[in-house]
Amino acid sequence: MPIVESNKVTDSNAATTPAPSAAVLVLEDGRMFRGRSYGAQGTALGEAVFATGMTGYQETITDPSYARQLVVQTAPHIGNTGVNSEDAESRRIWVAGYIVRDAARRPSNWRSERSLDEELVEQGIVGIQGVDTRAITRHLREHKTMRAGIFSGEAAQATDKELLNAVLASAPMEGAALAEEVSIDQAYVVEPKDHGWEGEPRFSIAAVDLGIKAMTPVRFAERGVRVHVLPATSTLEDVNAVKPDGFFMSNGPGDPATADHQVSLLRSVLDEKLPYFGICFGNQILGRALGFGTYKLRYGHRGINQPVMDRRTGKVEITSQNHGFAVDAPLNGSTVAPEERFGRVEVSHVSLNDDVVEGLACLDIPAFSVQYHPEAAAGPHDAAYLFDRFIDLMADTKSKATGANSTDSKTEDKK
C-alpha cells in the first residue's frame, strides 16, 4: 500500500471527527506501537520526543519549538479540558504528530470551545491514542530521541517494512533550519497599554521571532515594554529602524548550528553594545555568537518541571523547557569568550538533572540568556524575574550612556 502524505486529512469535512481507525507508531530503530487514530488520519513524520507536563497540552502543541516533532505526552489523560481560542501560543498547531495514551471522550471545562480531537482534525494533525506512552518514553530515554512516523487509516495498511522505510527516508533534526519556517512574514508591535500598563512605555525592544510564543511579548508589555516583533530574516538595519533600547531573540525549533544569519546579526548587535536577552534558541545563538559550540542532547528537556539553579542567587527554579540542543561552554568560573572581543562570560544557570548549560551571562557587555521559558505558558512562574532583570539591564545601560554623554559635554564646554 502507498504511504499517504504527511498530515493529510482523509475526511472530506475537516470539522467532522473521523471514526478511529487502526494506527501505528514506528520508530527508526524498528520498534512499533499499535493503537487507534486520534485527530486527522494519514501519515505524520518527524522526531519523536516526550513532554512531561501534566497540564498545558494546548500550549504545548501550539509552541513553534515543536515543529517537525511527534510529541509523546507522558501524562496519561489528555484532552479533558478541550481547547479554546485564548490559550494557543501561536497562530496554529506546530507539532507534526501527537501521541497520547487515554484521549478524553469529551471535554469538560467552562472555558472549552471544542474538543482537542476536533482541533487536530481541523488543522490536519495526525495522532495516535491507546498506546503505552510510558513504554515509549522509557524507550526514548534509553535509546535517545529518533525519527518516527504515525500511520493511520489507509496509510496504516502498508507493510511494516514500507512503514519503516518511510521513517528512515524522513529528514533528521540535526541540520534542520526551521526558524524561518515558523517565523512571521511581517513585523508587528505589542503595546503595553493593551496589557494593563498605564502611562507611556518605559522601554522599546526589537524581538526577533524564531518561533516566539505569544506570552513572551505579553510578559514584556505587562511591564511597560513596547515590543517590535520582527521576522527571523531581519537585518541590523531592520533592528535599528525601530530605535530599540534592547534586543531579544526568542525560542524556536531546529538545529542552532544552522542559524548562521541570526548569529551574525547578534554579533553585530553585541558590537553596538545594545542590551541583549535571549531564551531557548536565543540562548544557543548567544553561545554561538560568543564562539562556543552546540550539541544535540540525548533526549532533551521538554516539560514544565525542570529544576535549574541560578548561580548568582543560589536559588533553584522549576522551569518550563522545550529544547533538544544545548550550548557547550565551561561550567565553572568565568572565561574569555572564544570571540575575544566580547570579553568574559560565565554559565549563570545550570540544570540540576544533568548539568546542561541553562544560562549565559556576559560580564563585559550587556547580554545574558537562559535555555528555558520564563514566560511559563504553561508552567511555573519561578523565572519571571528574568524579564525584570532585562529591564534593569536596559535601564543601567541607558543611565551609563547618559552619564557618559553628560561627561563628554562638560569636557567640550571646558575646552
Side-chain angles (χ1 to χ4, degrees), residues 1-11 14 17-51 57 60-63 66-76 78-79 92-104 115-140 143-173 176 253 299 302 324:
M1 295 292 294
I3 302 299
V4 178
E5 291 297 321
S6 176
N7 290 351
K8 296 294 185 182
V9 183
T10 58
D11 193 296
T17 303
S21 66
V24 58
L25 169 68
V26 181
L27 303 181
E28 72 171 274
D29 63 359
R31 185 75 184 271
M32 296 187 178
F33 298 85
R34 299 189 182 277
R36 304 184 310 283
S37 64
Y38 187 47
Q41 294 181 14
T43 298
L45 299 170
E47 180 185 49
V49 301
F50 58 88
Y57 58 79
T60 294
I61 63 177
T62 56
D63 179 352
Y66 280 116
R68 203 187 291 179
Q69 291 181 322
L70 310 181
V71 175
V72 181
Q73 293 279 187
T74 61
I78 297 294
R92 51 163 284 193
I93 295 175
W94 286 103
V95 299
Y98 204 42
I99 304 162
V100 304
R101 179 177 177 178
D102 296 321
S115 73
L116 175 57
D117 195 7
E118 291 169 337
E119 189 74 2
L120 294 173
V121 171
E122 178 71 25
Q123 299 199 35
I125 306 301
V126 175
I128 185 172
Q129 61 178 309
V131 289
D132 189 342
T133 51
R134 293 174 301 175
I136 298 170
T137 298
R138 187 165 185 172
H139 189 80
L140 295 177
H143 297 89
K144 76 175 184 177
T145 58
M146 61 186 75
R147 290 173 296 172
I150 302 171
F151 306 90
S152 61
E154 182 184 349
Q157 298 176 33
T159 67
D160 290 356
K161 183 177 181 180
E162 288 174 325
L163 297 177
L164 180 58
N165 285 341
V167 171
L168 295 177
S170 63
M173 191 57 69
Y299 49 83
R302 298 176 181 88

Looking only at heavy atoms, which two atoms of [X] and [Y] are closest? And how far apart?
| X | Y | value |
| --- | --- | --- |
| Tyr38 | Ile78 | OH-O, 4.2 Å |
| Arg36 | Gly130 | NH1-CA, 4.2 Å |
| Ala23 | Ser37 | CB-N, 3.5 Å |
| Ile125 | Ala96 | CG2-O, 4.4 Å |
| Leu168 | Glu28 | CD2-O, 3.6 Å |
| Ala19 | Gln41 | O-NE2, 2.8 Å |

Taking the side chain as C-beta and beyond, is there a heavy-atom pair between [X] and [Y] under 4.5 Å?
| X | Y | result |
| --- | --- | --- |
| Glu47 | Arg68 | no |
| Ile136 | Phe50 | no |
| His143 | Leu27 | no |
| Val49 | Val71 | yes |

Got a second to check how far [X]'s [atom1] is from [Y]'s [atom2], nearest 0.5 Å?
| X | Y | atom1 | atom2 | value |
| --- | --- | --- | --- | --- |
| Arg101 | Thr74 | CZ | OG1 | 11.5 Å |
| Arg147 | Asp29 | CZ | CG | 11.0 Å |
| Glu162 | Phe151 | CD | CZ | 10.0 Å |
| Leu70 | Ile150 | CG | CD1 | 5.0 Å |
| Met173 | Thr145 | CE | OG1 | 8.5 Å |
| Gln69 | Trp94 | CD | CH2 | 13.0 Å |

Side chain to side chain contact (heavy atoms under 4.5 Å, CB included) between Val100 and Leu116: does it pass, once the steps are laid out? CA-CA 12 Å; Val100 304; Leu116 175 57; 5.9 Å; no
field: Derivation of the salt bridge (charged side-chain N to carboxylate O under 4.0 Å, His left out) call for Arg34 and Asp160
entry: CA-CA 12 Å; Arg34 299 189 182 277; Asp160 290 356; 3.0 Å; yes
Using a strict 4.0 Å threshold on nitrogen-to-oxygen distance, state whether Asp132 and Arg31 make a salt bridge. no
**Asked** Parallel, tilted or perpendicular: which describes the rings of His139 and Phe33, with under 30° parallel and over 60° perpendicular?
**Response** perpendicular
Exercise. Under 3.5 Å, side chain of Ser152 to main-chain N/O of Gly42, donor-acceptor pair present?
Worked result: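 Present.
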| task | Give a yes or no answer on whether the side chain of Thr137 reaches the backbone of Arg134 with a donor-acceptor pair at less than 3.5 Å. | result |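 Looks like no, no N/O pair under 3.5 Å.
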